[in-house]
2 protein chains.
Amino acid sequence: MDTLIERLKSKLTEKGYKLTTQRRIILDVILENQGNHLSSEEIYDKVKSKYPEIGLATVYRTLQLLEELGIVYKVNFNDGYNRYEVSSSTGDHRHHHLVCLKCGKVIEVKLDLLENLENRIEKESKFKIVDHNVKFFGYCEECSK
Amino acid sequence: MDTLIERLKSKLTEKGYKLTTQRRIILDVILENQGNHLSSEEIYDKVKSKYPEIGLATVYRTLQLLEELGIVYKVNFNDGYNRYEVSSSTGDHRHHHLVCLKCGKVIEVKLDLLENLENRIEKESKFKIVDHNVKFFGYCEECSK
DNA sequence: TTAATTGCAAATGGTTTGCAATATT
DNA sequence: AATATTGCAAACCATTTGCAATTAA
């Protein structure tokens, strides 16, 4: 059984919210596209093919809700869209993004060398870190040729 | 003499653009507020008090131009505004942002422990890095009490 | 002189909101 | 049955654009 849907279900009832078909399908679409950083409208399009009656507003409202519940998190590539990604409960979304300045491609890198940095910042600035967002800008292999 | 205005001047003439009063004043305002990450409209308001005839569109156009010329760079705090900061020519805008999830305060940290990470990414992924953008989310000293 | 720039007002486009109808608990 | 949720259309709001008037080179 899909754990994330379970998690959605319990978080919703916990707060007196309801589990609707629309909410289920929106989460399904995000799950099926993990790592693709879909924008709100891309999610809308994909949901629409499974459930054509859905309204755009429902998608926006659901994405906000999923973020509020900690099921999903927002990724910003400065391209004018809100993008969403599953935020795994195990805290392993510690990956970084390489954004190509020429073709716009986004590559993911999973390295976790940031812990030293976090520790040092926490010590020096008395700031309690709970998440980070790291983007590197440059040129991908093809574009740097 | 202010080096940055000189830099603006030469970059403009180099590309056949003109140095107008409006452009000068907009850069002045950004310079006077270094480290404050002013949004486009905050910049507009401050410019307006020095030059009331200015139009909002001119501010937006100038900010785009300054970014294109590499004089200024965009900072995104996911709050719906474009924010701008002077990009020093010496490449020392290698600072990170600590964004407090409770009060929204943004603290700057100047540490440069990211070079190892950049080197490793460049090696492993064949991606040529030219800049980075790092944000840590958490709770500032007051809010974590 | 002449090409770039400005200010204004209107347009754009992603996101949000009000509301009556509908679905979940 | 009671309340949350939906879909639609209209509103929002930061940013962009068209254009005639103005200004720097």
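Protein chains get the first letters and strands the later ones, always in sequence-line order, with residue 1 at the start of each. Computed over heavy atoms, backbone and side chain alike; hydrogens, waters and symmetry mates excluded.
- Distances shown here put a side-chain N or O of B:Ser40 below 4.0 Å from the OP1 or OP2 atom of D:dT15.
- Phosphate contact (OP1/OP2 of D:dT16, side-chain N/O of B:Tyr60, threshold under 4.0 Å): absent.
- Of the candidate nucleotides C:dT15, D:dC19, D:dA14, D:dA14 has the atom nearest to the side chain of B:Tyr81.
- In this model, the phosphate group of C:dT24 is approached by a side-chain N or O of A:Thr21 to a distance below 4.0 Å at OP1 or OP2.
- Here the side chains of A:Thr62 and A:Leu27 are not in contact, with every heavy-atom distance at 4.5 Å or above.
- For the pair B:Arg61 and A:Gln64, both in contact range of DNA chain C, the more 5′-proximal nearest nucleotide belongs to B:Arg61.
- For the atom pair CG (A:Asn82) and CD (A:Glu41), the distance works out to 11.0 Å, reported to the nearest 0.5 Å.
- Nearest heavy-atom pair across B:Glu42 and B:His37 is OE1-O, 4.1 Å.
- Counting any heavy atom pair closer than 4.0 Å across all strands shown, B:Arg23 reaches sugar-phosphate atoms only and no base atom.
- Within the nucleic acid shown, A:Tyr17 comes within 4.0 Å of sugar-phosphate atoms alone, with no base atom in reach, counting heavy atoms only.
- OP1 or OP2 of C:dT15 lies within a sub-4.0 Å distance of a side-chain N or O belonging to A:Asn82.
- In this structure the side chain of B:Ile26 reaches within 4.5 angstrom of the side chain of B:Ile54, judged on heavy atoms.
- Rounded to whole angstrom, the span from the NZ atom of B:Lys9 across to the C1' atom of D:dA24 amounts to 12 Å.
- The residue A:Leu56 sits close to a base: some heavy atom pair falls under 4.0 Å.
- Taking the side chain of A:Glu41 as heavy atoms from C-beta on, and the options C:dG14, D:dT17, D:dC8, the nearest nucleotide is C:dG14.
- Among the protein residues, B:Tyr51 comes within range of the sugar-phosphate backbone only, with heavy atoms under 4.0 Å from sugar or phosphate atoms but none that close to a base.
- Close to C:dA23, at under 4.0 Å from its OP1 or OP2, lies no side-chain N or O of A:Thr20.
- In terms of polar N and O atoms assigned as donor or acceptor, the side chain of A:Lys18 never comes within less than 3.5 Å of the base of C:dA23 in a complementary pairing.
- Residue A:Gln22 has no polar side-chain atom (N or O) positioned under 4.0 Å from OP1 or OP2 of D:dT5.
- Between the side chain of A:Arg23 and the backbone N or O of A:Lys18, at least one donor-acceptor pair lies under 3.5 Å.
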